[in-house]
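Input: a single structure, listed below in structure tokens.
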Protein chains: 4
Amino acid sequence: MLIVMKVDATAEQIDAVAQRVRTLGYVAHVMPGLNRTAVGVTGNKGPEGRETLALLPGVDEVIRVTAPYKLVSREVHPEPTVFPVAGTSVGNGFTLIAGPCSVESEKMIVESARFLAARGVKLLRGGAYKPRTSPYSFQGMGTEGLKFLAKARQETGLGIVTEVMDVESVSPIEEVADVLQVGTRNMQNYALLRRLAQARKPVLLKRGMAATLEEWLMAAEYIMSGGNYQVILCERGVRTFADHTRNTLDLSIVPVVKHFSHLPVIVDPSHGTGKSQFVPPMSLAALAAGADGLMVEVHPNPKEALSDGAQSLDFAAFAKLVDALRPVAAALSTPIR
Amino acid sequence: MLIVMKVDATAEQIDAVAQRVRTLGYVAHVMPGLNRTAVGVTGNKGPEGRETLALLPGVDEVIRVTAPYKLVSREVHPEPTVFPVAGTSVGNGFTLIAGPCSVESEKMIVESARFLAARGVKLLRGGAYKPRTSPYSFQGMGTEGLKFLAKARQETGLGIVTEVMDVESVSPIEEVADVLQVGTRNMQNYALLRRLAQARKPVLLKRGMAATLEEWLMAAEYIMSGGNYQVILCERGVRTFADHTRNTLDLSIVPVVKHFSHLPVIVDPSHGTGKSQFVPPMSLAALAAGADGLMVEVHPNPKEALSDGAQSLDFAAFAKLVDALRPVAAALSTPIR
Amino acid sequence: MLIVMKVDATAEQIDAVAQRVRTLGYVAHVMPGLNRTAVGVTGNKGPEGRETLALLPGVDEVIRVTAPYKLVSREVHPEPTVFPVAGTSVGNGFTLIAGPCSVESEKMIVESARFLAARGVKLLRGGAYKPRTSPYSFQGMGTEGLKFLAKARQETGLGIVTEVMDVESVSPIEEVADVLQVGTRNMQNYALLRRLAQARKPVLLKRGMAATLEEWLMAAEYIMSGGNYQVILCERGVRTFADHTRNTLDLSIVPVVKHFSHLPVIVDPSHGTGKSQFVPPMSLAALAAGADGLMVEVHPNPKEALSDGAQSLDFAAFAKLVDALRPVAAALSTPIR
Amino acid sequence: MLIVMKVDATAEQIDAVAQRVRTLGYVAHVMPGLNRTAVGVTGNKGPEGRETLALLPGVDEVIRVTAPYKLVSREVHPEPTVFPVAGTSVGNGFTLIAGPCSVESEKMIVESARFLAARGVKLLRGGAYKPRTSPYSFQGMGTEGLKFLAKARQETGLGIVTEVMDVESVSPIEEVADVLQVGTRNMQNYALLRRLAQARKPVLLKRGMAATLEEWLMAAEYIMSGGNYQVILCERGVRTFADHTRNTLDLSIVPVVKHFSHLPVIVDPSHGTGKSQFVPPMSLAALAAGADGLMVEVHPNPKEALSDGAQSLDFAAFAKLVDALRPVAAALSTPIR
């Protein structure tokens, strides 16, 4: 921590700041400058006390220096995290997760699973519970949807990735799912994160719509600090002024996450762009940027989809995408999983 | 809804679009133009089908026309909503809500309540459960904090405004609180909103960090559509590129909310600015912009606060603020409540 | 400046950093911490060298401490800047600037000037040269528009505020104008700023669409460092995700500007909101927030305006606004000028 | 254009709107709906009149339907634009532009050019005039810098890409440069765009820091409508709340530009990320996303650079990047130029 004093701070004020730092149990380093003095603080383990130091007379600004995350940090865990999921793995290649936005019927989810399995996909996405902006929109099939997902797994062996929206439904969903997905609106739903810290299944944590890198990693820290170390991060676009895509897909966070954290990070170009025609180029870009995988919406008939039709690939488009990914993955020496 | 066809759309494609619109049970109005044709759609009650129409051959864009909110809308309820809360009211004046970020002890909350009551405030804020970015930060006093809030009410008669973070704690909090606060991170926590729709107390719904007007009003619609019509909206700053304040306080949403909705809207300049010295000017600005009230952080000793110290007013600063508000409120003929 | 070393930085790396700091002519303060070491740097006058220090082995981050602005800073000029303009003044009250977006004819600008003069306004705005997103939109009347503005001044005595878009037109505009306006798109047009530093008239510098406080103040520093000390800052809304107003009017920058700088800052609620119905509440809010004035679009017949009709007040609405401002200004003890 | 009437609009108001549309020379299509009426407008060539229609009694909203750009649009020019530049071409492959942020000496620019030529690069970037936030920062070598660029071209045959900041310097720069670069701050400097419309050299137009797709394409339209059809668009990151990179590189605009326009679009990952270590992954991502090229900062010794050192690759890192690009380009069947 660094405390910057005002230009006109008095010697007494500087002393008082240093004294206060010592009272908090830290070490104060007074550094006189040309125009003003700064006080370095060491020995602190987090930002505790930062706000109140800023209120002392003569203080201009207090600057935090060390990042607040621990378990997610690459500094404490230099090797990338890799873990197995339902016959494949995450963290050591480019893992494909595909499927419809929502489970709409047994037929459509089983049909989707069969198609995807035939194209080499190992993980099926599909929502049984859907967060919707309007209370009047389709909210998912619920329990019945879970049954259909179980059926799809039974028929094809695909692992299931599905969304949990609240604490209550974690247990029943955990019975069926291989990966528990947390949506963008729930990234800082701490009750849910704490419950997932107790879950036996990996968690796929989508980035909040306007979450900074730090907030996202700290949300993962909630899950890890409770004992669940299998967290997959998922970039899905953030909210900006730009209006040419549904969200602004922030691909540059992929190498930055990998710099600061050992956790795997995948990309959702379907929500990221909002339009199916832009999903393939951004999928290739995600692969080239070094992402650990892709989560993409595929629907047997997007024109009839109950949700997210505009951003879903149909089977032919998805098959074409996989064919386009393979040579690029080979050029990058990245195995597709 | 308006469907814009591509410049080179064929007559067959236009017919197919119109036919599809009719299949959905709506009326299609084909409008040939100089360069391209548009198809107006009437009789639709919401955006259902919009996404799939966008996928038909020859369609360039589908534009939604009518707003999706119903119960929150001023069109269906032209008079502003006013309701009584704990000896005062919301919606027909400028209601002051003040108090510390968190309950830190019985002494500090009762002392705060006494001071505020003496300054004419009727509603006390104070968090017993705190959403924190880091799992390692102070998370609130929980049940004990609720007891201290009850004590403060008993001693002073002030109404209690406190945050609910999850479905589980709504019932115990409802025993104590007069207003149930939903924080910015939970604006789209739909399980929580549905539970609050069953609550017997008014809900104060903070705007999400990056929520549009429509998303915010739709979150209120979740609460109202479940039967709880006492919703107070609270602007608390949004996330932008600007770094001179903690958030960007979007005061202009105040008159816009009042244009589209009948619900009361108040302003939180403490989170909006993040620095106590900027709270008074923005409080005056909120009053002048037509807000229905203020939610402001006040602490007996901000330098020692466990959270949000930098943005909390001390007693003297709050007293000075109230003195500054009174003549402006009088000039605006707005009663302070 | 503060240099944060990596957790695993070696003693040699720390020494090398300190040595390099000394080579640059500064003083290095090595501060060992619990987990890592930081090196404080004093004696530096600006960010020079910052980027290259960040590249030394073992360095994690370099944090700038002192603000880069000088002449605009309140630290070097504690009293607010006040200067006379065309029979009124800026910086010691609430100065009204009003008029149409563009000069459209002699009749309309003279008629507008007469109306405004009768309502006590001293400064007339009106664009002869207009920056337009499309090359096919109305670009202003140019030289002829300047003549009409001169006519309006001659008839009413009002001072003229008009936009300069390029270096070439500064001289002819300076003949007519009392204040030279720089639009949001030109805030960092440095050739223009350097030319205005030589101008004999005050400059009204609008904030760039996505400018930080620092960039805005540094743009003013360009003008001041060249010798023109009469700069008025103007907040006109910034670009964010929010779509309920044309821009997001960032009123909270008003007290922050006044904290860091001695320059006067006014508000343009017309561009800030984009809709005439929201201009009056935000004008009142600007006054209450402590702004030094208002720049508002007024048109004799907004329905026929060639540009910005939707956000222009008609005469009756402007008269009503002035009547609403007076009692609030009185309550705040702020003279309207 | 579509005019949405209010729910309570009267028949007279609807008639008046339709009448007004006809007066403007357009065709009105009245469409009664369940709750409200809409009026479709056809025959209009642009948004003229839109704002004033919004002000008629009973009108709720006016929605623009057709995009305003003409010459840049793929609808009027379905084939991608390709043109030769200095021995290579733009628009039919992946064109590499590399070099230092600023020309710092003859030696460094000639040395850089030689290295780049040896790696197969055909276009050298280097600024002689630099836009800087602070008036006190290094502003470029000016005329002397141009001479050194000419020398570098003479020695190596590389084409020169360099920035023009104002109208005055276009002519001298045009003598030396093969491509005239417009920086992000000048994207809407219309005087400059109009001058470049007369230039004999291609223009590289960087996206404004907070420019929408439409504003960017309209800025290109300024250049094209004046007669210069050789425009290269360049995405360089936009300003958002995200703080993990210098700007937020919006790669998804690449396929969107290619959908709406025939102009080539390249990517600048140096400004996009601000940190050299993240430049290679985002360069690969740009290639995979379908960009027409790359503009990347390379410096013989980034630690000593006068500007942008932190985001510049050194020679070894650039050589490694080119080696990484080649197999991916081959996998995509995209020739590197």
Side-chain angles (χ1 to χ4, degrees), chain C residues 45-48 50-56 62 68-70 131-139 165-169 184-194 208-212 214-215 218-219 221-222 224-226 238-241 275-276 302-311, chain D residues 45-48 50-56 62 68-70 131-139 165-169 184-194 197 208-212 214-215 218-219 221-222 224-226 238-241 275-276 302-305 307-311:
Chain C
K45 294 200 196 67
E48 306 301 331
R50 178 159 69 109
E51 284 178 341
T52 59
L53 284 165
L55 298 171
L56 294 180
V62 178
Y69 26 89
K70 297 180 174 33
R132 300 303 297 271
T133 302
S134 166
Y136 310 122
S137 295
F138 171 62
Q139 310 270 328
M165 283 178 59
D166 47 47
V167 169
E168 288 74 10
S169 54
T184 189
R185 296 170 179 82
N186 280 318
M187 190 200 84
Q188 292 187 314
N189 180 335
Y190 298 125
L192 182 59
L193 298 182
R194 283 205 196 87
M209 263 175 228
T212 62
E214 183 176 314
E215 290 169 337
M218 289 309 285
E221 188 90 19
Y222 262 91
M224 295 183 76
S225 68
V238 289
R239 188 154 278 182
T240 73
F241 69 89
K275 288 184 190 159
S276 57
K303 292 184 183 56
E304 307 288 345
L306 294 179
S307 54
D308 283 355
Q311 72 195 31
Chain D
K45 296 200 195 66
E48 307 299 333
R50 178 160 68 111
E51 284 178 344
T52 58
L53 283 164
L55 298 171
L56 294 180
V62 176
Y69 26 88
K70 297 180 174 33
R132 300 302 297 270
T133 302
S134 166
Y136 310 121
S137 295
F138 172 61
Q139 309 270 328
M165 282 179 59
D166 46 48
V167 169
E168 288 74 10
S169 55
T184 188
R185 296 169 180 82
N186 280 318
M187 191 199 84
Q188 292 187 313
N189 180 336
Y190 297 125
L192 182 59
L193 298 183
R194 283 206 195 86
M209 264 175 227
T212 61
E214 183 176 315
E215 289 169 339
M218 290 310 285
E221 187 90 21
Y222 262 91
M224 295 182 76
S225 67
V238 289
R239 188 154 277 180
T240 72
F241 68 89
K275 289 185 189 158
S276 57
K303 290 184 186 53
E304 306 288 343
S307 54
D308 282 357
Q311 71 194 32

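We name chains A, B, ... by the order of the sequence lines, and we start the count at 1 in each one.
Using a distance-only test at 3.5 Å, with no hydrogens or angles considered, a donor-acceptor pair links the side chain of C/E215 to the main chain of C/T212. Checking side-chain atoms of C/Q139 against main-chain N and O of C/R132 turns up no donor-acceptor pair under 3.5 Å.
By number of non-hydrogen pairs under 4.5 angstrom with chain C, the leading residue of D/D166, D/V167, D/N189, D/L192 is D/N189. Across D/E168, D/K275, D/Q311, the residue that shares the most heavy-atom pairs under 4.5 angstrom with chain C is D/E168. Ranked by heavy-atom pairs shorter than 4.5 Å toward chain D, the options C/M165, C/E304, C/R194 are led by C/E304. The most heavy-atom pairs under 4.5 Å with chain C, out of D/A211, D/G208, D/G309, come from D/G309. Contact count versus chain C (heavy atoms, under 4.5 Å) is highest, among D/S276, D/A219, D/P131, for D/P131.
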*Could you walk me through whether C/Y190 and D/T133 pass side-chain contact (heavy atoms from CB on, under 4.5 Å), step by step?*
CA-CA 9 Å; C/Y190 298 125; D/T133 302; 4.3 Å; yes
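The side chain to side chain contact (heavy atoms under 4.5 Å, CB included) test applied to D/S134 returns C/M218, D/Y136, D/S137, not counting sequence neighbours.
The heavy-atom pair separating D/K303 from C/L56 by the smallest distance is CD-CD2, 4.2 Å.
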